[in-house]
Amino acid sequence: MNLEQARFNMIEQQIRPWDVSDADVLHLLSVVKREDFVPLAHKALAFVDMEIPLPGGQCMLAPRVEARMLQDLALHKHEIVLEVGAGSGYMAALLAHRARRVISLEINPELAALAHANLQKTGVHNAEVRQADGAAGLASEGPFDAILLSGSVGEVPHALLGQLKIGGRLVAIVGDEPMMQATVVTRSSQTDYRTTTPWDTVAQRLLNFPHPASFTF
């Protein structure tokens with residue numbers, strides 16, 4: 001398998017056509033080696049347009065979803081980022097290349113260890129993985145410039161939104177199957193938030209997040 005050709009095809013055939021046009025994001029996807037974060041048993045799938053299985057019944061998001069979320073977060077080099085759902089550490093690595101510091105919370109101990117090992121192995125030293133339930137965020141170290149939920153939720157908890165700086169952004173996939181919405185929330189003042197839902201997708205649920213109460217008739 002020609003890894004560089006497969007990486008090129010992933011970027012040109014999956015990611016760029018999915019409205020990912022940020023040159024910095026596209027370059028980053030060419031230099032951060034996705035295959036280094038894929039479990040050995042699934043290395044051949046590293047560049048395929050699919051979610052890749054991880055230990056504990058979890059998965060890596062599809063490459064085009066990762067890329068689009070990274071673009072929507074619009075990071076700057078001075079910023080501090082909170083990620084919920086470390087997975088294999090790949091998204092934390094991408095975030096770390098665009099930000100000053102990343103804290104990634106992972107509820108599954110096996111995945112937290114895997115993500116930490118992968119980041120160390122690939123020389124990413126400004127991303128820290130902590131084994132913790134990220135549903136409540138990390139108020140003790142906030143507020144953050146950006147928050148990324150690397151999976152889907154029924155709704156975004158207000159506790160997390162309150163951990164954004166003014167001007168900070170949160171990106172999450174919100175809703176229920178068969179169709180969820182990528183949701184970008186920008187904190188415009190102490191009490192106001194601006195929300196956009198620029199694209200649709202489906203992603204695996206993050207654990208322990210609240211779900212909106214359903215109506216009964």
Side-chain angles (χ1 to χ4, degrees), residues 1-39 42-52 54 59-106 111 114-129 144-151 167-173 182-184 186 196 198-199 201 203:
M1 177 180 175
N2 184 330
L3 290 177
E4 293 313 315
Q5 186 62 51
R7 193 184 331 279
F8 176 85
N9 292 345
M10 174 189 75
I11 293 169
E12 295 301 321
Q13 297 173 12
Q14 297 174 40
I15 291 169
R16 197 188 287 271
W18 228 49
D19 291 334
V20 179
S21 56
D22 184 315
D24 290 338
V25 170
L26 294 169
H27 174 70
L28 198 54
L29 295 168
S30 72
V31 297
V32 178
K33 309 298 187 189
R34 194 171 197 268
E35 66 273 19
D36 290 343
F37 294 86
V38 174
H42 302 297
K43 279 254 193 275
L45 303 175
F47 308 107
V48 176
D49 182 19
M50 64 175 286
E51 295 183 336
I52 294 177
L54 293 173
C59 66
M60 292 178 71
L61 294 170
R64 57 192 170 91
V65 173
E66 294 168 331
R68 191 77 188 268
M69 293 179 84
L70 186 64
Q71 176 174 269
D72 287 350
L73 207 54
L75 290 175
H76 301 283
K77 288 298 287 183
H78 67 276
E79 293 187 318
I80 298 175
V81 185
L82 177 68
E83 181 193 22
V84 179
S88 69
Y90 178 64
M91 182 59 90
L94 294 174
L95 296 169
H97 278 82
R98 300 204 82 193
R100 179 160 65 94
R101 183 182 178 217
V102 178
I103 302 172
S104 186
L105 305 180
E106 174 54 59
L111 283 182
L114 174 67
H116 173 76
N118 284 340
L119 290 165
Q120 292 297 304
K121 183 176 64 182
T122 52
V124 179
H125 301 302
N126 62 326
E128 173 191 358
V129 180
F144 298 96
D145 298 291
I147 298 174
L148 179 70
L149 307 187
S150 288
R169 293 88 56 211
L170 178 144
V171 174
I173 296 167
T183 301
V184 183
T186 303
T196 61
W199 45 282
T201 190

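Source: prediction; values computed, not measured.
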If you compare all heavy atoms of [X] against all heavy atoms of [Y], which two are closest, and at what distance to 0.1 Å?
X      : Y      : value
Ala127 : Ala92  : CB-O, 4.1 Å
Phe144 : Val81  : CD2-C, 4.3 Å
Ile11  : Pro17  : O-CD, 4.2 Å
Met91  : Ser150 : CG-OG, 3.8 Å
Arg7   : Glu35  : NH1-OE1, 2.8 Å
Pro198 : Asp72  : CG-OD2, 3.8 Å

State whether the side chain of [X] and the backbone N or O of [Y] hold a donor-acceptor pair below 3.5 Å, judged by distance alone.
X      : Y     : value
Glu106 : Gly89 : no
Lys77  : His97 : yes
Gln71  : Asp22 : yes
Asn118 : Ser88 : yes
Arg34  : Ala46 : yes
Asp49  : Ala62 : no
Asp145 : Ile80 : yes

Do [X] and [Y] come close enough that some side-chain heavy atom pair is under 4.5 Å?
X      : Y     : answer
Ile173 : Val65 : yes
Val25  : Ile15 : no
Trp199 : Met69 : yes

Could you tell me the separation between the [atom1] atom of [X] and the [atom2] atom of [Y], rounded to the nearest 0.5 Å?
X      : Y      : atom1 : atom2 : answer
Asn126 : Ile103 : CG    : CD1   : 11.5 Å
Tyr90  : Leu29  : OH    : CG    : 5.0 Å
Leu148 : Leu70  : CG    : CG    : 8.0 Å
Met60  : Glu51  : CE    : CD    : 10.5 Å
Leu3   : Met10  : CG    : CE    : 11.0 Å
Lys33  : Lys121 : NZ    : NZ    : 14.0 Å

In chain order, what residues pass the side chain to side chain contact (heavy atoms under 4.5 Å, CB included) check against Gln120, with sequence neighbours excluded?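 If we apply the side chain to side chain contact (heavy atoms under 4.5 Å, CB included) test to Gln120, skipping adjacent residues, the hits are His116, His125.
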Assess whether a salt bridge exists between Glu79 and Arg98, defined as any Lys/Arg side-chain N lying under 4.0 Å from an Asp/Glu carboxylate O.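 Here Glu79 does not pair with Arg98 in a salt bridge, since their nearest N and O are not under 4.0 Å apart.
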Kindly determine whether Leu119 and Phe37 satisfy side-chain contact (heavy atoms from CB on, under 4.5 Å), including the steps that lead there. CA-CA 8 Å; Leu119 290 165; Phe37 294 86; 4.2 Å; yes
Begin from the C-alpha positions of Val38 and Leu45 and carry the test side-chain contact (heavy atoms from CB on, under 4.5 Å) through to its verdict. CA-CA 8 Å; Val38 174; Leu45 303 175; 5.8 Å; no
